[in-house]
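Please read the structure below before turning to the comments.
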Amino acid sequence: MKLFIDTANLDEIGAAAKLGVIHGVTTNPTLISRERGDFAAIIREITSLVDGPVFAEVLAEDADGMVREGLELAAIHENVCVKIPMTPAGLEAISRLSKEGVKTACTLVFSAAQALLAANAGARYVAPFVGRADDIGWDGIEALSAIADVLSDGDFDTEVIAASVRSPLHVVEAARAGADIATVPPKVLAQMASHPLTDAGLERFRRDWALKKD
Ligand code: G3P
């Protein structure tokens, strides 16, 4: 399973890109709202930091507006993937943009039924929000597993990107449930790398080396 980073912060993206472990970037209106500067300029800068898909979300709620914004976003860079919410207008926009050759990601997906609609509309990615489902007592990983299952018949080249990831365990469970990608907040990426036994082992190596016989 590939990893993307879930942030619009250029410093966080740059730091993660240096590790060599991320293959794309996802943003959303909330993440963009936390950053200074023009939306398009932020997305353009992100495309210069990571050589992979950069997800940028439309704000319009009508299909015509989504298509208009989606074409503008796609024109920023060939790696831009247009994020569109799972609504009837969103499905129409995904269908129209896909016919124009624009890569789309259907976001705020919570069920296999929604994912099937998005794939049939031509979405390149579907993004089930695992954490937000868990937040209200639904099983986010179970929903993701059902989505991966119904999209596994090869009828569409739609990839499942686990979103709203809250912990390293979410990442591992998403991989085991069949996600193609997990988009991971910087905090969770750091948590994935650390383990107390790794730290203890390194400390022991240092201590033993200091006692090395001449
Ligand atoms: O990209 C989707 C993701 O950012 C949403 O995560 O933590 O706001 O539910 P969260």
Side-chain angles (χ1 to χ4, degrees), residues 1-17 21-35 39 42-43 45-47 49-50 52-61 66 69-70 73-74 76 79-87 90 93-94 103-111 114-115 118-119 123-145 147-148 151 158-175 177 179-192:
M1 181 183 76
K2 287 188 176 177
L3 298 177
F4 286 13
I5 190 168
D6 194 31
T7 181
N9 181 276
L10 301 179
D11 293 337
E12 290 174 338
I13 296 167
V21 299
I22 59 164
H23 300 273
V25 183
T26 55
T27 73
N28 64 36
T30 303
L31 296 173
I32 293 284
S33 72
R34 295 171 185 161
E35 308 303 324
F39 181 18
I42 292 170
I43 296 300
E45 185 65 28
I46 293 174
T47 64
L49 296 173
V50 176
V54 175
F55 287 26
E57 190 160 340
V58 298
L59 294 164
E61 295 183 16
M66 289 176 182
E69 289 180 20
L73 290 170
I76 294 170
N79 284 350
V80 169
C81 177
V82 179
K83 237 182 175 182
I84 296 176
M86 177 53 237
T87 63
I94 287 168
K103 288 190 294 291
T104 59
C106 188
T107 190
L108 286 171
V109 170
F110 292 93
S111 72
Q114 288 179 321
R124 179 71 184 77
Y125 304 91
V126 293
F129 277 38
V130 176
R132 293 194 193 184
D134 288 1
D135 290 346
I136 63 165
W138 293 38
D139 187 330
I141 290 294
E142 178 57 40
L144 186 150
S145 177
I147 289 168
L151 296 185
T158 303
E159 290 193 274
V160 180
I161 177 168
S164 189
V165 163
R166 299 272 202 277
S167 69
L169 196 54
H170 264 170
V171 179
V172 172
E173 288 178 336
D180 299 289
I181 305 161
T183 189
V184 184
K187 174 175 174 254
V188 175
L189 210 57
Q191 288 171 327
M192 288 174 70

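As the structure lists them, so they are numbered: ligands from 1, and atoms in each ligand from 1.
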Next on the checklist: Could you check whether any side-chain heavy atom of E57 comes within less than 4.5 Å of a side-chain heavy atom of T107, counting everything from C-beta outward?
Outcome noted: yes
Item to check | Side-chain heavy atoms of M66 within contact of P85, under 4.5 Å | outcome: yes
Checklist entry - Which protein residues have a heavy atom closer than 4.0 Å to any atom of ligand 1, listed by chain and number? => result D6, N28, L31, K83, F129, R132, A163, S164, R166
Next on the checklist: Show, in sequence, the C-alpha distance, side-chain angles and deciding distance for V160 and I181, and conclude whether the side-chain contact (heavy atoms from CB on, under 4.5 Å) test is met.
Outcome noted: CA-CA 6 Å; V160 180; I181 305 161; over 6 Å; no
Next on the checklist: Check the orientation of F55 and Y125. Use parallel for under 30°, tilted for 30 to 60°, and perpendicular for over 60°.
Outcome noted: tilted
Checklist entry - Regarding T26 and D6, is there a side-chain donor-to-acceptor distance under 3.5 Å anywhere? => result yes
Checklist entry - Side chain of K83, backbone of T27: donor and acceptor closer than 3.5 Å? => result yes
